[in-house]
Amino acid sequence: MGLFGFGKKNKRNAGETEQESFAAVEREADTFEPGDLMFEIDGVHPWNEQGSVLIGRMTGGELLPGTRVSYHGADGKRVFDCTVETVEQGGRALKKGSACCFGVYGPVFSLVVPDFAPNAFCVGNTIRRRAGEEALSPVLEAFEACRMTKERTQAVQETLRGEELTEEACASFSIQELICALSFVRTEEKNAEEDAEAEEWKRRSGLLYSCMLEKIKSADAVYMTFDKATGFPFYNNGMVDLYSRKEYAELAVLYYQEMFRELEVRELTVLPAEVRFPDGPSAEEQPDKRIPAFAMLYYLGMERVMIDNGFYRALIGRAEVLPPPDYTGKPEAQIPVINPALRTRMLDFFGEVRWKVSYDKRTEVLQTKEQAMLAEVAKSRLLVPMRCEGTMQKKPGENQLVLGKGAKLLFAAIKNTAGESYTPVFTDITEFAKLYPMKEWGATVMTIRDVINVNKGVGIAVNPAGENLVLKERAITAIRELLDGPKEQERAQEDMEQEGTEQEDTKQKA
């Protein structure tokens, strides 16, 4: 094996001319153009006997498996050419890697280079390829049109390298620029050689993060992608995507079309009017009628929010923007009924089951999500619409209403197009009010066990104007088993303890 661990496979390139092997890849860093591949190496690992796995971030262009690229040193000059055999992410081989990449990992990939050993590469260097005359994909073209320019990125980084970073300087950045700044300072903190330097970068990171949160809270609008299959925010691997600019969200719609996801963009306010205007809105600042984004996420139980997924991005907690209400010390009757965990599980399940694709272990994935959803149903407290037929009267000596003579309580029922009757139940008052006006209907709180007992139809419909989870005989049986399971375990434990006591008594008598 020769220099850099070259094996026999590399000898086939010996006869190539410089023009043949390099004409399509060479370009200095200062002439880097939109569409050119740029991959920054963050880690190098061995692959099989003589190959390498390069881990890093794609900052420009696209890369297909089997593509010939060039490796460049720290000075930006080409060192040699090589072929990327496989592009992987999260342990899965991909059809393509792209600087415009959404999802959990973003544009971070592993590139398998089979012909060069790890000592051929250095962390911090780059893999490049000139796009040449090739047409950009529609997604990459839209990405290049609205991403931060290289010049603006460098300007932001130069500000961060200054001796002092002030709140005023942070406030001048947009949300996307703040996320770009956060990405830069966190990398600098990780690479700092001295503790004092790391501490200063950490301080700057905290300042930038706080400023980003304030920018989000005070934004006139944010943009969210909704899944057309569910009618609710697109729930993406435990996260919901929120965008600071409309064109970012529109790019997400275009990107996910390639994966057979049908999304749409909705413009939303960030916070409810009472939070945005705690002293009441002025005539010029009337409450916005759009559904507030973070209040919606609270009811849906979506706690992890990815800001500007697909670009420089940041993961935040929903509660960092809108903390949950504090009901400490309040009677249970005064605490609103909500089921955020159940709503999250329903949307996660329906988003997956309505995704028109086929992949390995899809059945197992769906079964796992279904079980998680039914487990939340078993723990839920739900609103059941009811009303009185007849009169109500006060109980003598008490401020409590009771049924008058001949009066009775009626539970609501709904029918589907086949004429089947269901008992409607709701996770919260927002879903309840979609079908049953509070002036005409009352609501009682029931556990799912109680609902099963009073149900007189063929099943139960959870949020029929929303997620519309229909529970028929098989699902109800599964829920009963979940409810009865703990009791059976308790009885078995009691039997074991009783048996142990009896054995001990026998020993003592002997």
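As a basis for the values below, the full set of heavy atoms in this structure was taken, side chains included, without hydrogen atoms, waters or symmetry mates.
If you check the side chains of Ser137 and Glu62, you find a donor sitting under 3.5 Å from an acceptor. Checking Thr225 against Asp241 by side-chain atom types alone, no donor-acceptor pair falls below 3.5 Å. No hydrogens or angles considered: nothing links the side chains of Thr427 and Asn339 as a donor-acceptor pair under 3.5 Å.
Among all heavy-atom pairs drawn from Cys101 and Gln89, the shortest one is SG-NE2, 3.9 Å. Residues Pro464 and Ile414 share a closest heavy-atom pair of CB-CD1, 3.7 Å. Minimum heavy-atom separation, Leu435 to Ala465: CG-CB, 3.9 Å. Among all heavy-atom pairs drawn from Ala169 and Thr159, the shortest one is CB-CG2, 4.4 Å. Nearest heavy-atom pair, Met224 versus Ala293, reported as atom, atom and distance to 0.1 Å: CE-CB, 3.9 Å. Considering every non-hydrogen atom in both Cys146 and Arg245, the closest pair reads O-NH1, 3.8 Å.
Ion pairing of Glu258 with Lys95 is absent here, as no side-chain N (NZ or NE/NH1/NH2) approaches a carboxylate O to less than 4.0 Å. A salt bridge is absent between Glu267 and Lys246: the closest approach of a Lys/Arg side-chain nitrogen to an acidic carboxylate oxygen does not fall below 4.0 angstrom. With respect to Asp484 and Arg449, a salt bridge is recorded, a charged nitrogen being found less than 4.0 Å from a carboxylate O.
No donor-acceptor distance shorter than 3.5 angstrom exists from the side chain of Arg381 to the backbone of Val445, with no hydrogens or angles considered. Although no hydrogens or angles enter the test, the distance criterion places no donor-acceptor pair under 3.5 Å between the side chain of Arg266 and the main chain of Pro233. No donor-acceptor distance shorter than 3.5 angstrom exists from the side chain of Ser380 to the backbone of Leu382, with no hydrogens or angles considered. Judged by distance alone, the side chain of Trp355 and the main-chain N or O of Met259 form a donor-acceptor pair under 3.5 Å. In this structure a side-chain-to-backbone donor-acceptor pair under 3.5 Å is present from Asp36 to Ala131. Here the side chain of Glu262 pairs no donor or acceptor atom with the backbone of Ala229 at under 3.5 angstrom. Formation of a donor-acceptor pair under 3.5 Å by the Asn416 side chain with backbone atoms of Glu420 is found in this model.
Under the ring-ring contact (aromatic ring centres under 6.0 Å, His included) criterion, Tyr248 pairs with Phe311, sequence neighbours left out. Applying the ring-ring contact (aromatic ring centres under 6.0 Å, His included) criterion to Phe226, with sequence neighbours excluded, gives no partner residue.
Other residues, nucleotides and ligands place no more than 12 heavy atoms under 6.0 Å from the OH atom of Tyr299. The local environment of NZ in Lys434 is crowded, with over 12 non-hydrogen atoms from other residues, nucleotides or ligands closer than 6.0 Å. Surrounding NZ of Lys369 are more than 12 heavy atoms belonging to other residues, nucleotides or ligands, all under 6.0 Å away. The number of heavy atoms from other shown groups lying within 6.0 Å of CD (Gln257) is above 12. Residue Tyr359 qualifies as enclosed at atom OH: its count of foreign heavy atoms under 6.0 Å is above 12. Heavy atoms from other residues, nucleotides or ligands lying under 6.0 Å from CZ of Arg345 number 12 at most. Within 6.0 Å of CG on Asp360 lie no more than 12 heavy atoms contributed by other residues, nucleotides or ligands. In the displayed structure, Glu364 atom CD is contacted under 6.0 Å by more than 12 heavy atoms of other residues, nucleotides or ligands.
A side chain to side chain contact (heavy atoms under 4.5 Å, CB included) with Lys215 holds for exactly one of Ile307, Ile179, Leu178; it is Leu178. Of the residues listed (Glu431, Met373, Glu376), the one engaging Arg343 in a side chain to side chain contact (heavy atoms under 4.5 Å, CB included) is Glu431, and it is the only one.
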Derivation and outcome, side-chain contact (heavy atoms from CB on, under 4.5 Å), residues Val87 and Lys96 | CA-CA 7 Å; Val87 180; Lys96 178 176 67 175; over 6 Å; no
After noting the C-alpha distance and the side-chain angles of Tyr223 and Leu268, does the key distance pass the side-chain contact (heavy atoms from CB on, under 4.5 Å) rule?
-> CA-CA 6 Å; Tyr223 304 89; Leu268 305 170; over 6 Å; no
Worked verdict on Val321 versus Leu297 for side-chain contact (heavy atoms from CB on, under 4.5 Å) | CA-CA 11 Å; Val321 175; Leu297 298 181; over 6 Å; no
What's the verdict on side-chain contact (heavy atoms from CB on, under 4.5 Å) for Val104 and Met239, showing C-alpha distance, side-chain angles and the deciding distance?
-> CA-CA 9 Å; Val104 176; Met239 298 175 291; 4.1 Å; yes
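The shortest side-chain heavy-atom distance between Val53 and Glu88 does not fall under the 4.5 Å cut-off. Put simply, the side chain of Tyr436 reaches to within 4.5 Å of the side chain of Pro424, judged on heavy atoms. Between Tyr422 and Leu471, the closest side-chain pair of non-hydrogen atoms is not below 4.5 Å. Annotation: side chain of Tyr312 is not in contact with side chain of Glu177 (no heavy-atom distance under 4.5 Å). With contacts defined as side-chain heavy-atom distances shorter than 4.5 Å, the pair Val377/Leu482 does not qualify. In this structure, the side chains of Cys180 and Thr153 come closer than 4.5 Å at one or more pairs of heavy atoms. At a threshold of 4.5 Å between non-hydrogen side-chain atoms, the residues Phe350 and Asp227 do not count as touching. Here the side chains of Leu251 and Val139 are in contact, with some heavy-atom distance below 4.5 Å.
Between atom CD of residue Gln367 and atom NZ of residue Lys361 there is a gap of 13.0 Å, rounded to the nearest 0.5 Å. Ser210 contributes atom OG, which lies 9.0 Å from atom CD of Glu320 (distance to the nearest 0.5 angstrom). In this structure, Lys217 NZ and Met212 CE are separated by 10.5 Å, a value rounded to the nearest 0.5 Å. Distance OG1/Thr344 to OH/Tyr235: 5.0 Å, rounded to 0.5 Å. Atoms OG1 and CG, from Thr187 and Asp42 in turn, are 8.0 Å apart once rounded to the nearest 0.5 Å. To the nearest 0.5 Å, atoms CG (Leu342) and CD1 (Ile448) are separated by 9.0 Å.
Between Phe109 and Phe39, the gap from one ring centroid to the other reaches at least 6.0 Å.
Counting only residues at least two apart or in different chains, ring pair (Phe, Tyr, Trp, His ring centres under 6.0 Å) contacts with residues 445-475 are absent.
Below 30°, between 30° and 60°, or above 60°: for Trp201 and Phe184 the angle between ring planes is above 60°, a perpendicular geometry.
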